[in-house]
There are 2 protein chains.
Amino acid sequence: MIYNMLNKNSSEDTLRSLGLMTLGSRLKRLGERLQAEVQPILSELAPPVAAGQHPLLAALSKHGALTVGELAALLGVAQPGITRAVGQLAGIGLVAVTTAAEDGRRRLVSLSPDGVAFVAAAREGVWLRVEKAVADLCAGFGDELLAHIGSIEDGLARKPLTARAVEERQDDLA
Amino acid sequence: MIYNMLNKNSSEDTLRSLGLMTLGSRLKRLGERLQAEVQPILSELAPPVAAGQHPLLAALSKHGALTVGELAALLGVAQPGITRAVGQLAGIGLVAVTTAAEDGRRRLVSLSPDGVAFVAAAREGVWLRVEKAVADLCAGFGDELLAHIGSIEDGLARKPLTARAVEERQDDLA
DNA sequence: GCTATTTATATAACATGATATATAACATGT
DNA sequence: ACATGTTATATATCATGTTATATAAATAGC
């Protein structure tokens, strides 16, 4: 019976065996795994910043001051998450927040001087190392993978999944 | 200026432009997006079950009764998450939990009669429709994408990311 | 100018990942 | 038989996604 126990599931992966039916769960799991593995590398640059917040800093560096809503749109996440992340980054002094002059509702988020230095150092150091490590992991098919991901994202924007499944049902009725 | 605002970021995606450096964040985002889009389809089968919990039911259906630890290993997630999910599924009557006879620490989780019927119906209905919708979304490259994902998962198991980045640093020192 | 509607964002609440730890059961060694 | 170490799992805590909503500012329409 101990033999059965070990054989039963010692190296099986249910998500893998379920294929495209659980693609979302599998991508999420792998994404979280990668973020967790990348975190120690990123944290070598002080102050430690969550892996998921580095793109926010990169967006500010690239575009200059942005509103909460703009950041949410650029990063493809919900607004309250950005509010929270910005609050945390402001707390450690990497970003500064002001109220937009032309619209009192808008909050303008920008890199602080410390934030500017942080991003510059990250570009030359940890970001580069992370990219290389991930490229090594992808063993040459990185570009192809990114293209597939892009294609799925574009496909979802064009036509949501529920619309694809609805058509399937109509086919069944015919 | 309104023109500038719109042009600034109307369709740009920071994660996409950052490429492999933010692969984890991007995979996580897409995975959560897919789970969210799949949820309404799955919820057509009563009772509603979270997208992330369907694989747990599939694992029980395939392997029979499993312990909490075995489920965590099969699904590649942490044990407390399984404890919670099992509690929820037991709450809606799809799984049953007993104590293993040969080891009083182990909890044996199995599909209830309602759970067996649920899985059977899902197999013929919503799981099939989800798989087809996702395959449609992948536009023919589904198998290739799954292979890439598998390769990354295997690559992480063989050699963690931090080990890959460490070697990079040693190269820099030389 | 006033009213109704829309918009930007903070806040609340919740779901779902994780790590850490307490507790009990089991295994090992003397 | 007893002490020590290991293991399975519930529980606590936290981080990070989300949706919903309240509040204030801005916009649209008359």
Side-chain angles (χ1 to χ4, degrees), chain A residues 2 5-6 15 24-40 43 48-56 66-73 75-92 97-109, chain B residues 2 5-6 15 24-40 43 48-56 66-73 75-92 97-109:
Chain A
I2 292 182
M5 281 281 189
L6 295 180
L15 293 186
S25 298
R26 194 161 168 208
L27 289 177
K28 183 181 173 188
R29 185 184 70 180
L30 183 56
E32 286 175 338
R33 172 83 184 274
L34 283 172
Q35 279 186 323
E37 295 228 349
V38 160
Q39 190 60 66
S43 296
V49 173
Q53 291 176 355
H54 279 249
L56 189 154
L66 296 166
T67 63
V68 169
E70 283 165 346
L71 278 165
L75 297 169
V77 296
Q79 168 259 315
I82 296 297
T83 297
R84 180 162 45 192
V86 163
Q88 287 164 359
L89 292 172
I92 59 175
V97 187
T98 60
T99 301
E102 77 284 350
D103 186 334
R105 300 168 300 182
R106 292 173 182 255
R107 311 292 286 170
L108 270 180
V109 185
Chain B
I2 291 181
M5 281 282 189
L6 294 180
L15 293 186
S25 298
R26 193 161 168 207
L27 288 178
K28 183 182 173 188
R29 184 183 72 180
L30 183 56
E32 286 176 337
R33 172 83 184 275
L34 282 172
Q35 280 186 322
E37 297 229 347
V38 162
Q39 188 61 66
S43 296
V49 172
Q53 291 176 356
H54 278 250
L56 190 154
L66 296 165
T67 62
V68 169
E70 283 164 346
L71 278 167
L75 297 170
V77 298
Q79 168 257 315
I82 296 298
T83 297
R84 177 160 45 193
V86 164
Q88 288 164 359
L89 292 172
I92 59 175
V97 187
T98 60
T99 302
E102 77 283 351
D103 186 337
R105 301 168 300 183
R106 292 171 183 257
R107 311 292 286 168
L108 269 182
V109 186

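In what follows, chains carry the letters A, B, and so on, assigned in the order in which the sequence lines appear, proteins first and then strands, with residues in each chain numbered from 1. Keep in mind that this is a model prediction, so the values were computed, not measured. Side-chain atoms are counted along with the backbone in the values below, which use heavy atoms only and exclude waters and symmetry mates.
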Review item, side-chain donor-acceptor pairs of residues 31-38 of chain A, under 3.5 Å, at least two apart:
from, atom 1, to, atom 2, distance (Å)
A/R33, NE, A/E37, OE2, 3.1
A/R33, NH2, A/E37, OE2, 3.3
A/Q35, NE2, B/S25, OG, 2.8
A/E37, OE1, B/L161, N, 2.7

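- In this entry the distance linking CG of B/L89 with P of C/dT16 reads 10 Å, nearest Å.
- Among the protein residues, A/A50 comes within range of the sugar-phosphate backbone only, with heavy atoms under 4.0 Å from sugar or phosphate atoms but none that close to a base.
- Annotation: salt bridge (charged side-chain N to carboxylate O under 4.0 Å, His left out) contacts of A/R26 (sequence neighbours excluded): B/E153.
- The minimum heavy-atom distance between B/A78 and B/A72, with the atom names listed, is C-CB, 4.2 Å.
- Residue-level contact check: B/G81 touches neither bases nor backbone, having no heavy atom under 4.0 Å from any strand.
- DNA chain D is contacted by both A/Q53 and A/D103; A/Q53 maps to the nucleotide lying nearer its 5′ end (nearest heavy atom per residue).
- Against DNA chain D, the stretch residues 26-36 of chain A makes no heavy-atom approach under 4.0 Å.
- Taking every nucleotide of DNA chain D with any atom under 4.0 Å from a non-hydrogen atom of chain B, the first and last of them, 5' to 3', are D/dT7 to D/dG17.
- Here B/H54 contributes atom NE2 and B/L89 contributes atom CG; the two are 9.0 Å apart, rounded to the nearest 0.5 Å.
- Ranked by how close their nearest DNA chain C nucleotide is to the 5' end, A/R84 and A/R107 are led by A/R107.
- Counting heavy atoms from C-beta outward, B/L66 and B/V109 have side chains that stay 4.5 Å or more apart.
- The shortest distance between the side-chain N/O atoms of A/R105 and the OP1/OP2 oxygens of C/dT7 is not below 4.0 Å.
- Look at CD on A/E102: it is 11 Å from P on C/dA8, rounded to the nearest Å.
- Residues meeting the side-chain contact (heavy atoms from CB on, under 4.5 Å) test with B/T98, sequence neighbours left out: B/L108.
- Scored by the salt bridge (charged side-chain N to carboxylate O under 4.0 Å, His left out) test, A/R84 finds no partners at all (sequence neighbours excluded).
- Within 4.0 Å of A/Q39, counting heavy atoms only, lies no atom of the nucleic acid at all.
- Remark: the A/T67 side chain and the A/R107 side chain contain no N/O donor-acceptor pair separated by less than 3.5 Å.
- Both A/A100 and B/V97 lie close to DNA chain D; mapped to their nearest nucleotides by heavy-atom distance, the more 5′-ward contact belongs to B/V97.
- Residues satisfying the side-chain contact (heavy atoms from CB on, under 4.5 Å) test with B/V77, not counting sequence neighbours, are B/L75, B/I82.
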